[in-house]
J.: 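Could you have a look at this structure, given as structure tokens, before my questions?
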Amino acid sequence: MLVLGIESSCDETGVAVVQTQEAGCPRLLAHALHSQIEMHQAYGGVVPELASRDHIRRVLPLAEEVLRESGRALAEVDVVAYTRGPGLAGALLVGAGVACALGAALDKPVLGVHHLEGHLLSPFLSADPPQFPFVALLVSGGHTQLMRVDGVGHYQLLGETIDDAAGEAFDKSAKLMGLGYPGGPALSRLAQQGRGDAFKLPRPLLHSGNLDFSFAGLKTAVMTQAKKLGDELEARKADLAASTEAAIVDVLVKKTMSALMATGLKRVVVAGGVGANRLLREQLDAACARCAIRVHYPELHLCTDNGAMIAMAAAMRLQSGQQTATSVYAFDVKPRWPLAEL
Ligand code: KG4
Ligand code: ZN
């Protein structure tokens, strides 16, 4: 089965082709991505209407590119998958509309995929994929969740953020320091020149006894610290960035270890944009090595949004019998869509 996947939930247009196999995980044949980061940079964040319009411009050329690269013809596609939610309504509608139009034109069924399930299953795109069951730490710009994953479609929420997401904490703190958008990678780069223990920043809910997170207070603490520094901020920016990153990573690692202890599972998967963070990887690797726990990450370039994870999640859902694709092309998108509802 050949699956064409389309991702358009936010500010990246991603298209990919995966092929299911008799045994083992579906294989990624080709994927292509267009990031809108440069376009939104001038505004300091994603402008939804501009995002939708750009997805319209990019999606078909990207589809042509991946088909060419994979050596397959459009007519060979068996299922067209797209991100159904969560995400920006207008942006989602572009992917859903194009997928359903392609499906109708080719007389092939379509499948709407949950964006977070795409992230969750993205480590299956790597050469050494995980085995079920595992704990998943989903850390993106909009979500921070710990899940117990027993199989495709079997997701139990263990804890989540009660306010800002981890990626949001990176982005908002970076904005306060004048680092632009998206803040995560920029803050992380600057942090490499600073000291993580330079400023004492809060680690909210670290000892709450549950697996929930809270990052809204951190941004306020960063703002207070920046104001306190005044003219000195410029000279101490790397230290402030390093201390912010240390606080976020510390909470993520400790809560993930608590989730592993609570479930007794010996495997963890990290997914979502923040999963690209170097310090998070270092500290989680070290903590897990001490407890003989295996950590899986998606390949670095597949941590942030992409079409490969959408095609992969669709292929895995179809293979596992969790879902069948439909030839009813009356799509709806779900800008808000809790993963536990799947
Ligand atoms: O998963 P993703 O691409 O999009 C959403 O579904 O939200 O995640 C984007 C988030 C942004 O907040 C971005 O700042 C953050 O991931 N991010 C990082 C890094 N790379 C991306 N945060 C920290 N360190 C990074 N290296
Ligand atoms: Zn995402």
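Just so you know, ligand 1 is whichever comes first in the structure, and atom 1 is the first atom listed for that ligand.
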J.: Just say parallel, tilted or perpendicular for the rings of Trp337 and His114, cut-offs at 30° and 60°.
T.: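 Rings of Trp337 and His114: tilted, 30 to 60°.
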J.: Under 4.0 Å, heavy-atom basis, I'd like to know which part of Glu245 is in contact with ligand 1: side chain, backbone, both or neither.
T.: neither
J.: Go through ligand 1 atom by atom and flag the ones less than 4.0 Å from a non-hydrogen atom of Thr304.
T.: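 Checking each atom against Thr304, I get 3 (O).
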J.: Should Glu168 be counted as touching ligand 1, given the test is an N or O pair under 3.5 Å?
T.: no
J.: Would Pro182 count as a polar contact of ligand 1, with the cut-off being nitrogen or oxygen pairs under 3.5 Å?
T.: no
J.: For atom 2 (P) of ligand 1, grab the closest protein heavy atom and report residue, atom and distance to one decimal in Å.
T.: Asp305 OD1, 3.4 Å
J.: Tell me the nearest of Leu300, Asn277, Leu116 to atom 23 (C) of ligand 1, using heavy-atom distances.
T.: Asn277
J.: Nearest protein heavy-atom contact for atom 21 (C) of ligand 1: which residue, which atom, what distance?
T.: Gly273 O, 3.4 Å
J.: Is the Zn ion (ligand 2) less than 2.8 Å from at least one N/O/S atom of His143?
T.: no
J.: Under a 4.0 Å threshold between the charged nitrogen and the carboxylate oxygen, would Arg68 count as salt-bridged to Glu65?
T.: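 No.
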J.: Looking at Asp212 and Lys255, is any side-chain nitrogen of the basic one under 4.0 Å from a carboxylate oxygen of the acidic one?
T.: no
J.: Tell me, please: is His115 in heavy-atom contact with ligand 1, that is, under 4.0 Å?
T.: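 True for this residue.
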J.: Looking at Arg53, I'd like to know if its CZ atom is crowded, meaning that more than 12 non-hydrogen atoms belonging to other residues, nucleotides or ligands lie closer than 6.0 Å.
T.: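 Count not over threshold, so no.
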J.: Within the 4.0 Å heavy-atom shell around Gly142, which atoms of ligand 1 are there?
T.: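 Result: 7 (O).
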J.: Counting each atom of ligand 1 from 1 as listed, which ones have a heavy atom of Ala276 under 4.0 Å away?
T.: 26 (N)
J.: State plainly whether the residues Lys334 and Asp332 are in salt-bridge range, i.e. N to O under 4.0 Å.
T.: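 Salt bridge: no.
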J.: Atoms of ligand 1 less than 4.0 Å from Gly141 heavy atoms?
T.: 5 (C), 7 (O), 8 (O), 9 (C), 10 (C), 12 (O)
J.: With no hydrogens and no angle check, do the side chains of Gln36 and Arg58 hold a donor and an acceptor under 3.5 Å apart?
T.: no
J.: Under 4.0 Å from any heavy atom of His119, which atoms of ligand 1 are there?
T.: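 That gives atoms 1 (O), 6 (O) of ligand 1.
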J.: Are His31 and His301 an aromatic pair, judged by ring center distance below 6.0 Å?
T.: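 His301 vs His31: aromatic centres under 6.0 Å.
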J.: Short list, please: which atoms of ligand 1 are under 4.0 Å from a heavy atom of Gly167?
T.: 12 (O)
J.: Answer side chain, backbone, both or neither: which part of Asp171 comes under 4.0 Å from ligand 1, heavy atoms only.
T.: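 The part of Asp171 near ligand 1 is the side chain, not the backbone.
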J.: When you check the gap from the basic side-chain N to the acidic O, do Arg294 and Asp128 get nearer than 4.0 Å?
T.: yes
J.: Where is the tightest heavy-atom contact between Val333 and Ala96, given as atom of each residue plus distance?
T.: CG1-CB, 3.8 Å
J.: Among Ala174, Gly87, Gly184, which one has a heavy atom closest to atom 18 (C) of ligand 1?
T.: Gly184
J.: Using a 4.0 Å heavy-atom threshold (strictly under), name the region of His143 that reaches ligand 1: side chain, backbone, both or neither.
T.: neither
J.: Can you check the angle at the Zn ion (ligand 2) formed by OD1 of Asp305 and NE2 of His115? Round it to the nearest 10°.
T.: 90°
J.: Report yes if the distance between the aromatic ring centroids of Phe124 and Phe132 is under 6.0 Å, otherwise no.
T.: yes
J.: Is there side-chain contact between Val222 and Met177, with at least one heavy-atom pair below 4.5 Å?
T.: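 Val222 reaches Met177 side chain to side chain.
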